[in-house]
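Single-structure report; data block below.
Note that the structure is predicted; figures quoted are calculated from it, not measured. Below, chains carry the letters A, B, ... as their sequence lines are ordered, and counting in each starts from 1. Both backbone and side-chain heavy atoms feed into the values below; hydrogens, waters and symmetry mates do not.
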There are 2 protein chains.
Amino acid sequence: MLNSYSEEDKVLLAVDCIIFGFDQDDLKILLIKRDFEPEKGKWSLMGGFLKKDENLDHAASRILKHLTGITDIYMEQLYSFSEIDRDPVERTLSVAYFALINIAGHNEKLSEQFSAQWFSISDAPKLIFDHDKMVQHAIRRLRYRTSNEPVGFELLPKKFTMRQLQKLYEAIFGKKIDKRNFVNKINALGILIKLPEKDMSSSKKGSYLFQFDKLKYDKKVSEGFSFKL
Amino acid sequence: MLNSYSEEDKVLLAVDCIIFGFDQDDLKILLIKRDFEPEKGKWSLMGGFLKKDENLDHAASRILKHLTGITDIYMEQLYSFSEIDRDPVERTLSVAYFALINIAGHNEKLSEQFSAQWFSISDAPKLIFDHDKMVQHAIRRLRYRTSNEPVGFELLPKKFTMRQLQKLYEAIFGKKIDKRNFVNKINALGILIKLPEKDMSSSKKGSYLFQFDKLKYDKKVSEGFSFKL
DNA sequence: TCAAAAGTGTTCACCGTACACCCATGG
DNA sequence: CCATGGGTGTACGGTGAACACTTTTGA
């Protein structure tokens, strides 16, 4: 009794990742087709099991890297799902994580080899187990985070246009935003650098590129500033 | 392989509860003196282990009931803590829960028999393991919840005065609030019932008692209203 | 020259905040 | 009659939302 809690039950711990990306107009999630039973062939979140010698954050990163090759991205623990029969094979808890990535920056790596695929939130297939519930939860968290912290930029290329940023927020909140009000608000924050370059791909006139100024943001935060959108 | 994930590691899962109460002027948490090793005699959150046949919410309620006799209170899952060496005895994950109770309504039950004790947030003892981190996390969540949902009432008696409610919010946010502004804001919400009775214990004049009107609140929510303080 | 997207300011309503005096009562 | 806490309203500045026209340029 002194050196173990030996009477207690142990359980399997899964980690499932909701990976958000943004592409033009749509908020998307990355899913994989399960290649093992049960539910083989159905769509599912990226998942795996926690190992003895790692913590949850580490497991989430490892699983993501293993299934997509992606490293160094924004990740955050979401919630733990524990219904007794959530996995029909065996009692398994799952800790959900959510992650934000810039689709454009990673496209090549995950094509084919992992049978992972991007789906718009609005027309994703039904997922196995309680994964749909996890996604709903993740969307709520995403809305909260992007309202209160400058994490939305994780979903965009380093250099982006105002219009892209606006469309991102429109996709996250599922509603149109007035162009002028949006620009005013963003500029008032004073945390973007306006670059001299233009992106010419979306219009004849071209539109200025911006970059998130993390140094300025950190400085402002240390002076009491808080991001709100 | 078809009927088990047999290769995978299993772990012990603890559930620890941060229980908030409010008493006059102070926000408090309920702690127990550990009566087993390791760290016997030190102060700790209420905790226990998840059993095979229950989910996390159930475990949290069971543990709370077992250690304090209390049932039917507001509880919510907070976060999962998973550092490898967080418990020196054995690899253990802990899912933290936070709970809100009305101290006055439960005082008798938990005196002595459980060696549980209330501590003001500001002068609580150092806790074992990573429990202090859990408490910090819980305070953040408490601030968020009480700003956006009418859960603060869980910490007060059914009937309470405006002043008590104000002191509660002052304790949660750690700052003074203007009396007139507070009353205006609360009344504007339109979710309290002003009772004809007065509480005579705090002054000679006496102060009116109020009650949270859950029906009116639910109705307003269904019409698009959202609580903000 | 025209179509398509980019860029840009002002007005107004509402909300949050600052602020001070009278009331009721028990002692 | 006085000390203590209870109760109440207004004015102002700032923020969020509504709203329309001109510019650029490739086709």
Side-chain angles (χ1 to χ4, degrees), chain A residues 23-26 143 146-148 156-157 159-211 220 223-229, chain B residues 23-25 143 146-148 156-157 159-211 220 224-229:
Chain A
D23 174 39
Q24 315 292 348
D25 294 307
D26 278 344
R143 287 180 178 155
T146 50
S147 295
N148 298 294
L156 295 173
K159 301 173 181 183
F160 51 85
T161 66
M162 272 290 170
R163 202 42 78 83
Q164 281 178 286
L165 185 61
Q166 182 181 343
K167 281 187 171 168
L168 170 64
Y169 275 84
E170 288 178 339
I172 291 174
F173 292 95
K175 61 180 177 196
K176 288 282 169 218
I177 302 172
D178 180 88
K179 192 168 43 158
R180 289 159 289 182
N181 289 340
F182 185 77
V183 171
N184 289 157
K185 229 177 191 172
I186 296 288
N187 285 334
L189 293 173
I191 55 173
L192 291 191
I193 302 169
K194 183 175 189 166
L195 301 173
E197 324 158 45
K198 285 189 163 194
D199 168 70
M200 302 305 296
S201 67
S202 66
S203 76
K204 297 155 187 183
K205 189 177 176 182
S207 52
Y208 284 105
L209 289 164
F210 292 80
Q211 217 176 303
K220 281 181 171 251
E223 291 163 353
F225 167 85
S226 89
F227 182 96
K228 278 276 174 254
L229 258 187
Chain B
D23 174 39
Q24 315 291 350
D25 294 307
R143 287 181 177 154
T146 50
S147 295
N148 298 295
L156 295 173
K159 301 173 180 182
F160 50 86
T161 66
M162 271 292 170
R163 202 43 78 82
Q164 281 178 285
L165 186 60
Q166 182 181 342
K167 281 186 172 170
L168 170 64
Y169 274 85
E170 288 178 340
I172 292 174
F173 292 95
K175 61 180 177 197
K176 289 281 168 217
I177 302 173
D178 180 88
K179 193 167 45 157
R180 288 158 292 183
N181 290 339
F182 185 76
V183 172
N184 288 158
K185 230 177 189 174
I186 295 289
N187 285 334
L189 294 174
I191 55 174
L192 291 191
I193 302 170
K194 183 174 189 166
L195 302 172
E197 324 159 45
K198 285 190 163 193
D199 168 68
M200 302 305 295
S201 67
S202 66
S203 76
K204 297 157 185 178
K205 188 178 177 182
S207 52
Y208 285 105
L209 288 165
F210 292 81
Q211 217 176 302
K220 282 181 170 252
F225 167 84
S226 88
F227 182 96
K228 278 276 174 254
L229 260 187

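- For DNA chain C, the residues of residues 184-197 of chain A within the heavy-atom distance limit of 4.0 Å (strictly under) are A/N184, A/K194, sorted by number.
- For the pair A/R180 and D/dC19, the criterion of a side-chain N or O lying under 4.0 Å from OP1 or OP2 is not met.
- Summarising the geometry, atom OG1 belonging to B/T161 is positioned 8.5 Å from atom CG belonging to B/L156; distances are rounded to the nearest 0.5 Å.
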Exercise. Mark up nucleotides 21-27 of chain D, 5' to 3', with B wherever a protein heavy atom is under 4.0 angstrom from a base atom, S wherever such an atom reaches only the sugar-phosphate, and - elsewhere.
Key: --BBBB-
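- The span of DNA chain C lying next to chain B, judged by atoms under 4.0 Å from heavy atoms, is bounded 5' to 3' by C/dT17 to C/dG26.
- Between the CG atom of B/D178 and the C1' atom of D/dT10 there is a distance of 13 Å, rounded to whole Å.
- Along DNA chain D, the nucleotide closest to B/N181 and the one closest to B/S203 are compared, and the more 5′ of them pairs with B/S203.
- Counting heavy atoms from C-beta outward, B/F225 and B/L189 have side chains that approach closer than 4.5 Å.
- If you measure from atom CE of B/M162 to atom P of D/dG7, you get 9 Å, rounded to the nearest angstrom.
- The distance from atom CG of A/L195 to atom CG of A/D199, rounded to the nearest 0.5 Å, is 11.5 Å.
- Atom CZ in B/F182 sits about 15 Å away from atom C1' in D/dT8, given to the nearest Å.
- Counting non-hydrogen atoms of other residues, nucleotides and ligands closer than 6.0 Å to CD of A/Q24 gives a total of 12 or fewer.
- By the 4.0 Å N-to-carboxylate-O rule, A/E197 lies close enough to A/K159 to be salt-bridged with it.
- Separation of atoms NZ (A/K167) and CG (A/D23) is listed at 11.0 Å; rounding is to 0.5 Å.
- A/F227 contributes atom CZ, which lies 8.5 Å from atom CG of A/N148 (distance to the nearest 0.5 angstrom).
- Summarising the geometry of B/R143 relative to B/F173, their closest heavy-atom pair is O-CZ, 3.5 Å, with the distance given to 0.1 Å.
- Nucleotide D/dC19 holds its C1' atom 17 Å from the NZ atom of A/K176, rounded to whole Å.
- The interatomic distance linking B/L209 (CG) with D/dG6 (C1') rounds to 13 Å, in whole Å.
- Residue A/F182 holds its CZ atom at 7.0 Å from CE of A/M162, rounded to the nearest 0.5 Å.
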Exercise. Carefully, step by step, assess A/L192 and A/N187 under the rule side chain to side chain contact (heavy atoms under 4.5 Å, CB included).
Key: CA-CA 7 Å; A/L192 291 191; A/N187 285 334; 5.8 Å; no
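- B/G206 and B/M200 get closest at one heavy-atom pair: CA-SD, 3.5 Å.
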